Amino acid sequence: MLRVDIITIFRDYFREAFDYGIIRRARAAGLVKVEAHDLRSWTSDKHHVVDDRPFGGGDGMVLKPEPIFAAIESLTGANRRESIAAGKRVVLLSPQGRPLTQSLTAEFAKSEQLVLICGRYEGVDERVAEALVTDEVSIGDYVLSGGEPAALVVIDATVRLLPGALGSATSASNESFTNGLLDCPQYTRPPEFEGMRAPDVLFTGNHGEIARWRRKAAQDKTKRNRPDLLK
């Protein structure tokens, strides 16, 4: 079972997020356990303060390092990157992180524990990234109000790669990015809609011809929509 722990100041954000689709089925099958934790639980002051003004001035607030280090130690048994056990990944969700990719989520899916730190405000004290996390990850070149939506993306992309999570054993291996290409175009009934007909090769029953068409169509779509993947 993969254990996923989310560190957030908005625990209720995740209240019903995992009660649908593949993640719900994976939880029911015992493939994954997901739990959101309130960062304030690891504060030591009576007001449960988790943020403060940035040194040097500037806008906004920054999440303090003390509760985050305490949270990671409580959840993983370690408070430094080098002490975190193999099979455990501590991920800081940040616009400054490396891009989330299919290959990275495949690595996460092989872990025994995934801890996701959701940033807020102007971000997280840099000492968290320097000394604590194993991965600093961004889901795209844009800024969110917090790491919670990014956590949902990481969890969805990871859980669907767990063995047994999808209905077909080959589903994940045929998807976009798995083989360096986008997925091929897909069609379903009706065969013709408003003058647009699905490719005739898909009706032939010739699996070899269909496979060749799909490879060529995937290459064409990748060239059109994501030529950077072909470099």
Side-chain angles (χ1 to χ4, degrees), residues 2-10 13-14 17 22-23 32 34 36-37 39 51 54 58 60 62-65 67-69 71-73 75-76 78-162 165 172-173 175-183 222 225-231:
L2 171 64
R3 172 181 167 182
V4 180
D5 293 290
I6 308 164
I7 300 173
T8 174
I9 62 171
F10 295 122
Y13 185 96
F14 301 96
I22 291 171
I23 296 179
V32 64
V34 184
H37 307 271
L39 178 60
D51 61 342
V62 176
L63 288 181
K64 294 161 60 68
I68 297 177
F69 272 75
I72 297 303
E73 184 171 18
L75 293 170
T76 70
N79 68 355
R80 287 294 187 278
R81 180 189 302 114
E82 57 270 19
S83 301
I84 295 173
K88 299 184 178 185
R89 305 286 282 263
V90 176
V91 180
L92 173 61
L93 299 161
S94 159
Q96 293 85 36
R98 63 168 166 153
L100 181 70
T101 62
Q102 189 79 350
S103 60
L104 182 56
T105 55
E107 291 181 25
F108 291 162
K110 295 177 182 177
S111 305
E112 64 180 63
Q113 183 182 17
L114 192 61
V115 182
L116 303 176
I117 303 171
C118 299
R120 269 281 157 178
Y121 312 123
E122 286 302 301
V124 176
D125 188 293
E126 187 65 18
R127 286 166 287 194
V128 173
E130 289 176 348
L132 185 59
V133 305
T134 61
D135 304 88
E136 187 171 1
V137 173
S138 168
I139 65 167
D141 293 339
Y142 46 85
V143 178
L144 299 169
S145 299
E148 287 77 15
L152 293 178
V153 170
V154 171
I155 293 169
D156 188 281
T158 299
V159 169
R160 63 197 322 282
L161 296 180
L162 296 175
S173 62
E175 293 179 325
S176 293
F177 309 113
T178 301
N179 298 311
L181 297 172
L182 300 181
D183 197 1
T222 304
N225 292 350
R226 290 291 304 275
D228 55 297
L229 295 175
L230 299 174
K231 295 180 180 179

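Hydrogens, waters and symmetry mates play no part in the numbers below; they use all other heavy atoms, side chains included. Keep in mind it's a predicted model, so treat the numbers as computed, not measured.
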Q: Could you give me the CA-CA distance, side-chain angles and deciding distance for Val62 and Tyr121, then say whether side chain to side chain contact (heavy atoms under 4.5 Å, CB included) is met?
A: CA-CA 6 Å; Val62 176; Tyr121 312 123; over 6 Å; no
Closest heavy-atom pair and its distance - [X], [Y]:
X	Y	value
Ser94	Glu136	OG-OE2, 3.0 Å
Val32	Leu162	CB-CD1, 4.0 Å
Asp156	Ile23	CA-CD1, 3.9 Å
Leu63	Gly119	CD1-CA, 4.0 Å
Ala36	Thr8	CB-CG2, 4.5 Å
Leu104	Pro99	CD2-O, 4.2 Å

To the nearest 0.5 Å, what is the distance between [atom1] on [X] and [atom2] on [Y]?
X	Y	atom1	atom2	result
Thr222	Leu182	OG1	CG	3.5 Å
Ile7	Cys118	CD1	SG	8.5 Å
Phe177	Thr101	CZ	OG1	9.5 Å
Thr134	Leu92	OG1	CG	10.0 Å
Phe108	Ile155	CZ	CD1	11.0 Å

Q.
My understanding is that only residues two or more places apart in sequence, or in another chain, count here; which of them pass salt bridge (charged side-chain N to carboxylate O under 4.0 Å, His left out) with Arg89?
A. Glu107, Asp135
Q | Counterpart residues, salt bridge (charged side-chain N to carboxylate O under 4.0 Å, His left out), relative to Glu122 (two or more places apart) | A | none
Q: List the steps, then state whether side chain to side chain contact (heavy atoms under 4.5 Å, CB included) holds for Leu152 with Tyr13.
A: CA-CA 10 Å; Leu152 293 178; Tyr13 185 96; 3.6 Å; yes
Would you say [X]'s side chain and [Y]'s backbone share a donor-acceptor pair under 3.5 angstrom?
X	Y	value
Lys88	Thr76	yes
Asn179	Leu181	no
Thr158	Ala109	no

**Q.** Glu73: which of Asn79, Ile84, Ile68 passes side chain to side chain contact (heavy atoms under 4.5 Å, CB included)
**A.** Asn79
(Q) Quick check on side chain to side chain contact (heavy atoms under 4.5 Å, CB included): which of Leu39, Val128, Asp5 does Ile117 satisfy it with? (A) Val128
Please list, one pair per line, the donor and acceptor atoms closer than 3.5 Å that link side chains of residues 137-144 to other protein atoms, with sequence neighbours excluded.
residue : atom : partner : partner atom : Å
Ser138  : OG   : Gly140  : N            : 3.1
Ser138  : OG   : Gly140  : O            : 2.9
Tyr142  : OH   : Ile139  : O            : 3.4

**Q.** Check against side chain to side chain contact (heavy atoms under 4.5 Å, CB included), Val115 and Ile72
**A.** CA-CA 8 Å; Val115 182; Ile72 297 303; 3.6 Å; yes
Q.
Taking the side chain as everything from C-beta on, heavy atoms only, tell me whether Val91 gets closer than 4.5 Å to Val154.
A. no
Q. Do the non-hydrogen side-chain atoms of Leu75 and Gln113 ever get within less than 4.5 Å of each other?
A. yes
**Q.** Salt-bridge present (Arg120, Glu148; N to O < 4.0 Å)
**A.** yes
